[in-house]
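Step one of this worksheet: look at the structure below.
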There are 2 protein chains.
Amino acid sequence: MIGDPWQRQRLLDTFPFLHETPEAFRAELFARVTLVRLPVGQLICHDGDQCTQLPLVLTGTGRVYKLGENGREITLYRVHPGESCVVTTSCILSGRAFPAFAVCESAVEAVVVRPAEVRRWMATSERWREYVFGLIAGRLQEVFGVLDAVLFQRLDQRLIVYLLGLSETGSEREIHMTHQALAVELGSSREVISRVLKGLESQGLLRTTRGVIELLDIPALELRAREV
Amino acid sequence: MIGDPWQRQRLLDTFPFLHETPEAFRAELFARVTLVRLPVGQLICHDGDQCTQLPLVLTGTGRVYKLGENGREITLYRVHPGESCVVTTSCILSGRAFPAFAVCESAVEAVVVRPAEVRRWMATSERWREYVFGLIAGRLQEVFGVLDAVLFQRLDQRLIVYLLGLSETGSEREIHMTHQALAVELGSSREVISRVLKGLESQGLLRTTRGVIELLDIPALELRAREV
DNA sequence: GTCGCTTGGTGACAAAGTCACTGAAGCGCC
DNA sequence: GGCGCTTCAGTGACTTTGTCACCAAGCGAC
């Protein structure tokens, strides 16, 4: 139950589609959900687990990833505020096991919904259905995109695209990230990332120091990312 | 519209969940859908397309796959009778583009549902929702499994697992399939499949002739598929 | 038979992953 | 400052996988 008016407002603002639901729906939502706080690194789902609740993220981000036997891993997607791990939803609605890992990348505040409500609201709320399906389709596209990248794209180009994406959102040419972290994002291994970065550095496209990658020639990097 | 009582019965038998829906729902379904026949090789969805209808497969199978720029491809999953391409569903419900290709692997008879009905039935029929979510979750698991295999498993083992799977369902030791077809299933290339098969052949685990692979030592193959 | 198509084989190379090891930077602590 | 620890990065040797170009074997049509 969420009683605090301020918390209620925050929930509505983080999940804008709720504004368009009937008063009664929101009242039921406030009555049925609970607020949880999870620390950094908290494991939310283990590969093969049954999901028992659906978390709607208010603050912080979750990371969903696949882990291989050899210890290598790859990030599939992130769950940001206003989103939810809809793979969980589909597992709840179908009673299947969750096929990956999910972990709190930063401290997370989330509102958890029980399976009974997830199901019921699918029947009673048009908006809820739209919200859930929008997320599912989005995740599917992300995962399909990852598969495409892994299978069909060269690692140096994937790495460049990833770095350029980071520098764009951060509006910074300096990226603070270890080679290991990059390997995890792209599903590669540290050594290979190091080698690729070294190659790019030797061509003067970027510069690396411990924990930092500085993009020197962004136009050239963009070119390189697109070439055959 | 499907009027023919025999066709109606066939539809109900292929999609058993329909038996559990109210009479009124089935009546509406029969009234709103149309039967189509598609020839082998017919392209159903193009990567990036908007989906405009949901096909429920009665006979035949569809194949959903990703195609890389270099021409390599990988099969993501198949759509069998009684199933539907639910990725299409999620695209319809969210208005996103379909992120892969879909093609008729054999001649397909399907019943097509328009987006308006797909949406409406999500609201009106509990059974329909269950059906759709069951399929979505199943596909997600399949695609996640493919990603896992591609990233973390060795090709020889994936190939063996695939071949053993075929020989099991066919209860045959002889598999009629070209190296190219195997490459497409596993997202590899013909040359590599040839090499791996050659290796297995030289170890006496199987024998290859043009278009045919004969599994000679199934226990040894099973062992090999599990080793580190 | 010959022609042409499909299928499979091969060698050389490039890209990526693995393993074992080294070295270097940062940090806390005394 | 110096010491020790941990984290991060670099390297070389090797394996696996993908790519390219080209050739050879099988098979059907005529």
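All chains are named by letter (A, B, ...) in the order of the sequence lines, taking the proteins before the strands, and each is independently numbered beginning at 1.
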Between [N] atom [atom2] and [X] atom [atom1], what is the distance in whole Å?
X         : N       : atom1 : atom2 : result
His176(B) : dT6(C)  : NE2   : P     : 20 Å
Leu151(A) : dG18(D) : CG    : P     : 8 Å
Ile175(B) : dG8(C)  : CD1   : P     : 13 Å
Leu197(B) : dT16(D) : CG    : P     : 16 Å
Gln180(A) : dT7(D)  : CD    : P     : 12 Å
Arg190(A) : dT11(D) : CZ    : P     : 11 Å
Glu191(A) : dC21(C) : CD    : C1'   : 11 Å
Lys198(A) : dT11(D) : NZ    : C1'   : 10 Å

Is the phosphate of [N] approached by [X] (side-chain N or O, under 4.0 Å from OP1 or OP2)?
X         : N       : result
His179(B) : dT6(C)  : no
Arg72(B)  : dG18(D) : yes
Asn70(B)  : dG18(D) : no
Ser188(A) : dG17(C) : yes
Ser194(A) : dG10(D) : yes

Is Arg195(B) side chain donor-acceptor paired with the dG11(C) base, going by distance under 3.5 Å alone?
-> no

Is Arg154(A) side chain donor-acceptor paired with the dG18(D) base, going by distance under 3.5 Å alone?
->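 Side chain to base: no pair present.
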
Modelled atom types, side-chain donor and acceptor of Arg96(A) and Gln141(B), under 3.5 Å = yes

Side chains of Val36(B) and Glu109(B) in contact at under 4.5 Å (non-hydrogen atoms) =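 No, every pair of side-chain atoms sits at 4.5 Å or beyond.
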
Exam field: side chain Glu201(B) to backbone Thr208(B), donor-acceptor pair closer than 3.5 Å |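 At least one qualifying donor-acceptor pair exists.
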
Can any side-chain N or O of Arg173(A) pair as donor or acceptor with the backbone N or O of Leu216(A) at less than 3.5 Å?
-> yes

Shortest side-chain distance from Arg210(B), nucleotide among dG18(D), dG10(D), dC27(D) = dC27(D)

Selected nucleotide, minimal atom distance to Leu155(A) side chain, candidates dT7(C), dG17(C), dA9(D) =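 Nearest listed nucleotide: dG17(C).
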
Sugar-phosphate only, base, or nothing, as touched by Ser189(A) at under 4.0 Å among non-hydrogen atoms = base

Residue met sooner reading DNA chain D from 5', once Glu201(A) and Val196(B) are mapped to nucleotides = Glu201(A)

Run the ring-centre check on Phe144(A) versus Phe98(B) and record whether the distance is less than 6.0 Å.
->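 No, the ring centres sit 6.0 Å or more apart.
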
